[in-house]
Visitor: 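The following block contains the structure, expressed as structure tokens.
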Amino acid sequence: MNAPSLSPRQLELLRRVANGETYRQLASDWGVAELSVRATGARVLRKFDANSIAHAVHLAHLAGILRRERHGDHAGFTAHVRRGEDPWACTQGCPEGERAYRAERRQQRKEAA
Ligand SMILES: [Zn+2]
């Protein structure tokens, strides 16, 4: 299928719903009414011609829009930064992974000096 083009908000909704978050959580994070999140979700459904948000998540995976995101290492950490998120707020191990990476780099520099 052709991948529909999504707005950043629509993509964030899809990614977060795929990660198990609810419309209520999104509404609270975005500081909007849950109804407004539902409206965004409805636009995502139309773009995918999907019957439900679960169907849309599945179609987005098939279209390569949702990739499995890395966590707990340097690549996961920098991916947060690229998306404009706070990597130190990640609860899936990115801060620990980044600390280990930096310690290893420090050790390598010390050995090279
Ligand atoms: Zn992370």
Visitor: If I take atom OG1 from residue T91 and atom NE2 from residue H71, how far apart are they, to the nearest 0.5 angstrom?
Guide: 8.0 Å

Visitor: Show your working on side-chain contact (heavy atoms from CB on, under 4.5 Å) between Y23 and L13 and close with a plain yes or no.
Guide: CA-CA 8 Å; Y23 282 178; L13 178 142; 4.0 Å; yes

Visitor: Looking at A56 and V44, what are the two nearest heavy atoms and their distance?
Guide: CB-CG1, 4.3 Å

Visitor: Taking C-beta and beyond as the side chain, do L6 and F48 meet within less than 4.5 Å on heavy atoms?
Guide: yes

Visitor: Might you work through the side-chain contact (heavy atoms from CB on, under 4.5 Å) test for R43 and K47, ending with a clear yes or no?
Guide: CA-CA 6 Å; R43 281 192 288 276; K47 283 195 175 175; 5.7 Å; no

Visitor: Quick one: closest heavy-atom pair of V81 and P87, and the distance?
Guide: CG2-CG, 3.7 Å

Visitor: To the nearest 0.5 angstrom, please state how far the CZ atom of R99 sits from the CZ atom of F77.
Guide: 9.0 Å

Visitor: Measuring from atom CG of L11 to atom CZ of R83, what distance do you get when rounded to the nearest 0.5 angstrom?
Guide: 9.5 Å

Visitor: Would T78 and Y101 satisfy side-chain contact (heavy atoms from CB on, under 4.5 Å), going step by step from the backbone distance to the final call?
Guide: CA-CA 12 Å; T78 56; Y101 170 82; over 6 Å; no

Visitor: Give me each pair satisfying salt bridge (Lys or Arg N to Asp or Glu O under 4.0 Å) with a member in residues 101-113, each pair once, sequence neighbours excluded.
Guide: E98-R102

Visitor: Going from CD on E21 to CD on E12, what distance comes out if it is rounded to the nearest 0.5 angstrom?
Guide: 8.5 Å

Visitor: Just so I know, are the side chains of L14 and I53 near enough to count as touching, which here means a heavy-atom distance under 4.5 Å?
Guide: yes

Visitor: Step by step, would you call H80 with D86 a side-chain contact (heavy atoms from CB on, under 4.5 Å)?
Guide: CA-CA 7 Å; H80 282 296; D86 176 9; over 6 Å; no

Visitor: Measure the spacing between CD of Q10 and CG of L45 and express it to the nearest 0.5 Å.
Guide: 10.5 Å

Visitor: What are the two closest heavy atoms between C94 and G76, and how far apart are they?
Guide: SG-C, 3.8 Å

Visitor: Quick one: CG on L62 to NE2 on H58, what's the gap to the nearest 0.5 Å?
Guide: 4.0 Å

Visitor: Can you list the residues that meet the side-chain hydrogen bond (donor to acceptor under 3.5 Å, both in side chains) rule with D49, with sequence neighbours excluded?
Guide: none

